[in-house]
Amino acid sequence: MAMLLRRVWETMSSRTCSTGDSSARPSCTTESSSLGAFDQIPWDVLIQIVKLIGPKEAAKLCVVSRSWRALVSDNRLWIFFLQHQQEPWDSIFFGETTLGSGYPYQTLVTGLSFMHIYGQRAQVPGSVIIDGGSGYCKFGWSKYDCPSGRTATFLEFGNIESPMYSRLRHFFATIYSRMQVKPSTQPIVVSIPICHYDDTENAKASRRQLKDCFQQVLFDLNVPAVCAINQATLALYAAKRTSGIVVNIGFQVTSVVPILHGKVMRKVGVEVMGLGALKLTGYLRLLMQQNNINFGSLYTVRTLKEKLCYVAADYKAELSKDTQASLEIAGEGWFTLSKERFQTGEILFQPRMADVRTMGLDQAVALCMDHCHYAELSGDDAWFKTVILTGGSACLPGLAERLEKELRGLLPSSISNGIRVIPPPYGADTAWFGAKLVGNLSTFPGAWCATKKQFRRKSRFNIMW
Ligand SMILES: Nc1ncnc2c1ncn2[C@@H]1O[C@H](COP(=O)(O)OP(=O)(O)OP(=O)(O)O)[C@@H](O)[C@H]1O
């Protein structure tokens, strides 16, 4: 590679400074519109060669001449380099073209310089990513492959959805100390729990209060810039979308959230079912007790749920099959489940099996789609036809297929045509990955964060008015 670079420099200096004037400055080469000895080589072949020298050396070729700058600025080259980053290229492309401008989005596809984007992304400071769910919190670094840690929020901090300053401060201070990072050193992307769903003034005020409380705590901890986005929208970003219906199977409740262009459509309505991860574990425990399967702790039941349970495509047909499977749990021995494996997840569709008085997941999503259809918010229905599943329990195998099948049965074909249910794109950490996508954007933190100064100014403004 070094030889290639030396050859480029040699040919360019001999060509542009051939008058014999040894005092000619190397800068004269930048005016040349030639590639020197490389003029004979087809452009595409040259691009392939430059790919081999890597992004750092390729960028240096920009200063050789105008022609080299044009060659090295070729988007194909930088797309190639970006494709070899740790983050998937389709997420990078979605992020930069759709989210790069910040919110509200301005989709850009033409006129983008991927060389510029590459350079900017390399300079973006790593940010702290905290997705604090009502049950579990996932935290880590935007530049890392996955969350570096998880903690049981509900056990350690209580309900973080109620905006209590001292509780939130304890929560964030603990997470920062677990990450062994000073809050003042990095911007943060933090998820706001999906709660206070209604389209009422009271709910709106509660949402504002919760977000303000998050920001207040983080700025008081001296975090330099804060980006706070709700969990459902983050899950949508992880699926490389800005519109769709997000189904979050949370710790205690499941919410069905219609989102259009990144905005939760509260006017259409967020459906909430009182069924979540806790109920699923509880129901499996009950089934195990009824079937005389002894276990040491709820942790064992949860592990069996995560490792052996699934959702049947057809519940009745599944009952007549041999579905037995076993798992060894360290320190406890082997456990064998059969019908319990699919009866557990079935309560999402038939909540009455677990004595829960709420509609089934399929009915809740169908109702949401029906509301979206009649609200006529967009020129067509395409925006709500994709359903993105998120939340740990949404990882149950078979759930997406079953939900899609039930929706097709429930909805008229005018609405159900083209619907698609997508399993959690990043498993139980989907919202965390959506936040990571934002934290690594070339325009981060500027386009997405509030600074302490902006927050204080806005708070003063809110108090005045
Ligand atoms: N592969 C899996 N299959 C089934 N359940 C799973 C799987 N992985 C995780 N879970 C369950 O997901 C639950 C945690 O869900 P999650 O992390 O989404 O909670 P949360 O983010 O706190 O919820 P909320 O959205 O209410 O804030 C746990 O009960 C866990 O057992």
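Order of appearance sets the numbers: ligands from 1, and atoms from 1 within every ligand. Numbers for residues simply follow the sequence, beginning at 1.
Judged by the 6.0 Å and 45° rule, Arg402 forms a cation-pi pair with Phe349. A cation-pi arrangement is present between Lys51 and Phe80 under the rule of less than 6.0 angstrom and at most 45 degrees off the ring axis.
Which parts of ligand 1 touch Asn248 is read off a 4.0 Å heavy-atom cut-off, strictly below it: atoms 25 (O). In summary, the atoms of ligand 1 found under 4.0 Å from a heavy atom of Gly135, numbered by their order in the structure, are 20 (P), 22 (O). Near Gly391, with a cut-off below 4.0 Å to any heavy atom, the atoms of ligand 1 are 18 (O). Residue Gly250 approaches ligand 1 through these ligand atoms, each under 4.0 Å from one of its heavy atoms: 23 (O), 24 (P), 25 (O), 26 (O).
On a distance-only criterion, Ala277 and ligand 1 share no N/O pair closer than 3.5 Å. Considering backbone and side-chain N/O of Val253, none are found under 3.5 Å from N/O of ligand 1. Looking at Thr281 next to ligand 1, no N or O pair under 3.5 Å apart turns up.
Counting non-hydrogen atoms of other residues, nucleotides and ligands closer than 6.0 Å to CZ of Arg420 gives a total of 12 or fewer.
Between Tyr176 and Phe139, the distance separating the two ring centers is not shorter than 6.0 angstrom. Remark: aromatic rings of Tyr105 and His261 are distant, center separation not under 6.0 Å.
Under 4.0 Å from ligand 1, the heavy atoms of Arg302 that appear belong solely to its side chain.
Lys305 and Thr281 share a donor-acceptor pair across their side chains, judged by distance under 3.5 Å alone. A side-chain donor-acceptor contact under 3.5 Å links Arg169 and Tyr165.
Nearest-residue assignment for atom 9 (C) of ligand 1 (options Pro193, Cys137, Ser191, Gly392; heavy-atom criterion): Gly392. Scanning Lys138, Lys307, Gln231 for the heavy atom closest to atom 21 (O) of ligand 1 points to Lys138.
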